Amino acid sequence: METIYDVFKQQVTAQTDAVAVMDEKKCLTYGELDAMATVIADGFPVKQPAKVGIVMSHSVEMIATILAALKSGAAYVPAEPSFPKERIKYMMSGLTPFPSPKGEGRIYLPMDEAAGLTTPLSTGRGVGGEALAYILYTSGTTGKPKGVMVTNKNVLHYVRAFQHEFHPQPGDRMLQHSVCSFDIFVEEVFTTLLSGATLCIPSEETKADIHRLMDYIECNHVTMLSSFPYLLLEMNKLPRIPRSLRLLISGGDVIRAKYIDSLRTQGVMIYNTYGPSETTVCASYFRVDNAQPLADGTFSIGKAVLGTSIEILDDHLQPVEDGETGEICIFGDGISLGYQGDVPENQNFTTMPDGRRVYRSGDLGYVLPDGNLAFLHRKDKQVMIMGKRVESDEVENVLCDQQEVETAVVCPQTDTDGLSYLVAYVVPRSKRFSLNTLKRSLANHLTSFMIPEFFVTMASLPMTPNGKVDRRALPIVRKEGRLYA
């Protein structure tokens, strides 16, 4: 069974002199990138490591180090140098730091060459496509991150699905915008290098300024961009985006029609995607530049990608009727091995009576009349207010659909008596923003107990390094309880 590196070598043979990867300092052809990966792998102090931790700034050297790890048969474990030291320490536990063979950042290796990966779902290191490709750490309910273990087979499945939908080819150029610890990075890197296209890596300074980023895209003829919807929102404010772009992919959070109303007129394909890291990047696609939004201003998440199926099931893993709400359950070749170690969340990976392996996403959704899927919210985001059930995501969708609002989030809080209330954090669309006007507008769509009790206006919403709204960084609005005897 083929590995990621096997397929990469096919591209090296097919177009040795084509540009594979470039940053703002240098560019490497496929042949040069393969040669650099070989030098790095040969320089590993441990010749057959089970894991290679990589803590490096984004560059051609970083991409070569990832390929070196895969060539050596290891799973790479990526972390940004800007991550908190204790988080990096936790992610690299059991590994010893070494200077990178290319002098950029650090790599982490096990001192024992025979060291395997402890997992309740597999034994040994695996061979070929069954071997681990990477471990991505996501937030865990215990406060410690969980390591999602993804195989070479999983990644190659996703590359085929991406190729089937988007047709990347030599001449295409993909922007490398995501942090390395998020699965959009996997999409950017491997769908590009395994399709003969070019990966373009801007500097952190360029990524931090939307105008510099657009100039970079224009100058380097970038054709494809995959990111969170908030980048598309910033692009939507510009008079024009670079004409080289043919494809914009939004994932990782809800995309709203108002985020892309200008982009939709500029002749670029725009896709909404859905899928947890546990199922290897995206599980479904939906083209939105030529589609009508749903009633709440969001879009469908579409249909399952090639090699994947999605079913809406109840708590007993039985199908619900079309149109009824249930849990989004994902089947197919993208389902990862699970989480490293014996963690409770591994129960979300289970086997159906017919032998199919399924990942229970914890997300609720339903099937639309046209067969596409609608995403609603997490199963665990329901709160009780004044004795009535309220979905904070529903309130958030209505709030974001208001003309006065650029973007917003709604967070449930509890007062000193343990009763729930809602706090809305709002980025106004203009300086003429009126809270009274907004509340009156909300009253046309929401019952009184669903309207947030507190509103906080903000210049922008704080973001995590992964590009999502950092809800823990939002100011906390405290409320004193008032229970009556």
Side-chain angles (χ1 to χ4, degrees), residues 1-4 50 75 116-142 144-161 183 186 273-285 301-322 324-367 371 373 375-380:
M1 189 181 296
E2 287 183 319
T3 66
I4 295 170
L117 296 171
T118 57
T119 162
L121 302 176
S122 66
T123 57
R125 293 176 53 186
V127 294
E130 300 296 337
L132 283 181
Y134 61 81
I135 302 174
L136 286 190
Y137 280 86
T138 64
S139 297
T141 55
T142 63
K144 293 183 178 180
K146 309 186 302 290
V148 181
M149 302 185 296
V150 178
T151 67
N152 281 257
K153 177 183 175 181
N154 294 149
V155 175
L156 293 180
H157 142 79
Y158 186 69
V159 170
R160 287 190 294 271
D183 58 9
V186 174
T273 63
Y274 166 83
S277 298
E278 289 84 351
T279 60
T280 316
V281 199
C282 301
S284 68
Y285 295 144
I301 59 172
K303 296 179 180 178
V305 305
L306 183 71
T308 296
S309 63
I310 299 177
E311 298 179 15
I312 307 298
L313 306 178
D314 64 19
D315 290 342
H316 304 289
L317 294 178
Q318 296 299 308
V320 302
E321 296 293 329
D322 283 357
E324 291 186 4
T325 297
E327 184 174 6
I328 298 174
C329 295
I330 303 168
F331 302 79
D333 292 338
I335 299 178
S336 67
L337 290 182
Y339 305 112
Q340 185 176 9
D342 187 10
V343 298
E345 290 90 345
N346 271 321
Q347 65 186 358
N348 296 329
F349 297 86
T350 189
T351 302
M352 301 287 283
D354 60 7
R356 292 182 301 157
R357 194 151 171 266
V358 59
Y359 176 67
R360 305 183 63 166
S361 71
D363 296 328
L364 295 181
Y366 61 94
V367 179
L373 298 169
F375 166 83
L376 289 174
H377 49 77
R378 295 286 301 169
K379 289 175 68 175
D380 54 7

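Because the structure is a prediction, the values reported are computed rather than measured.
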Less than 4.5 Å apart, any side-chain heavy atom of [X] and any of [Y]?
| X | Y | value |
| --- | --- | --- |
| V150 | V155 | yes |
| I312 | E324 | no |
| L373 | V367 | yes |
| T151 | L337 | yes |
| C282 | D183 | no |
| T350 | L317 | yes |

Considering all heavy atoms of both residues, which atom of [X] and which atom of [Y] are nearest to each other, and what is their separation?
| X | Y | answer |
| --- | --- | --- |
| F331 | T308 | O-CG2, 3.3 Å |
| S284 | G302 | CB-C, 4.4 Å |
| A304 | S309 | CB-CA, 3.9 Å |
| D354 | R356 | OD2-NE, 2.9 Å |
| T3 | G129 | CG2-N, 4.2 Å |
| I310 | A283 | CD1-O, 3.7 Å |

Interatomic distance, [X] atom [atom1] to [Y] atom [atom2] [nearest 0.5 angstrom]:
| X | Y | atom1 | atom2 | value |
| --- | --- | --- | --- | --- |
| M149 | Y134 | CE | OH | 12.5 Å |
| D315 | E327 | CG | CD | 7.5 Å |
| N154 | N152 | CG | CG | 9.0 Å |
| H157 | T279 | NE2 | OG1 | 7.5 Å |
| K146 | S277 | NZ | OG | 9.5 Å |
| I301 | T273 | CD1 | OG1 | 9.5 Å |

Would you please indicate yes or no on a ring centroid separation below 6.0 angstrom for Y285 and Y274?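 Centroid separation for Y274 and Y285: 6.0 Å or greater.
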Test Y339 against F349 for ring-ring contact (aromatic ring centres under 6.0 Å, His included), laying out the working first. CA-CA 9 Å; Y339 305 112; F349 297 86; 5.5 Å; yes
Starting from the C-alpha separation in whole Å, work towards a yes-or-no answer on side chain to side chain contact (heavy atoms under 4.5 Å, CB included) for L376 and T325. CA-CA 9 Å; L376 289 174; T325 297; 3.6 Å; yes
Less than 4.0 angstrom from a charged side-chain N to a carboxylate O is my criterion; do R360 and E278 meet it? no
Treating N346 as the side-chain partner and G341 as the backbone partner, does any N or O pair qualify as donor plus acceptor under 3.5 Å? yes
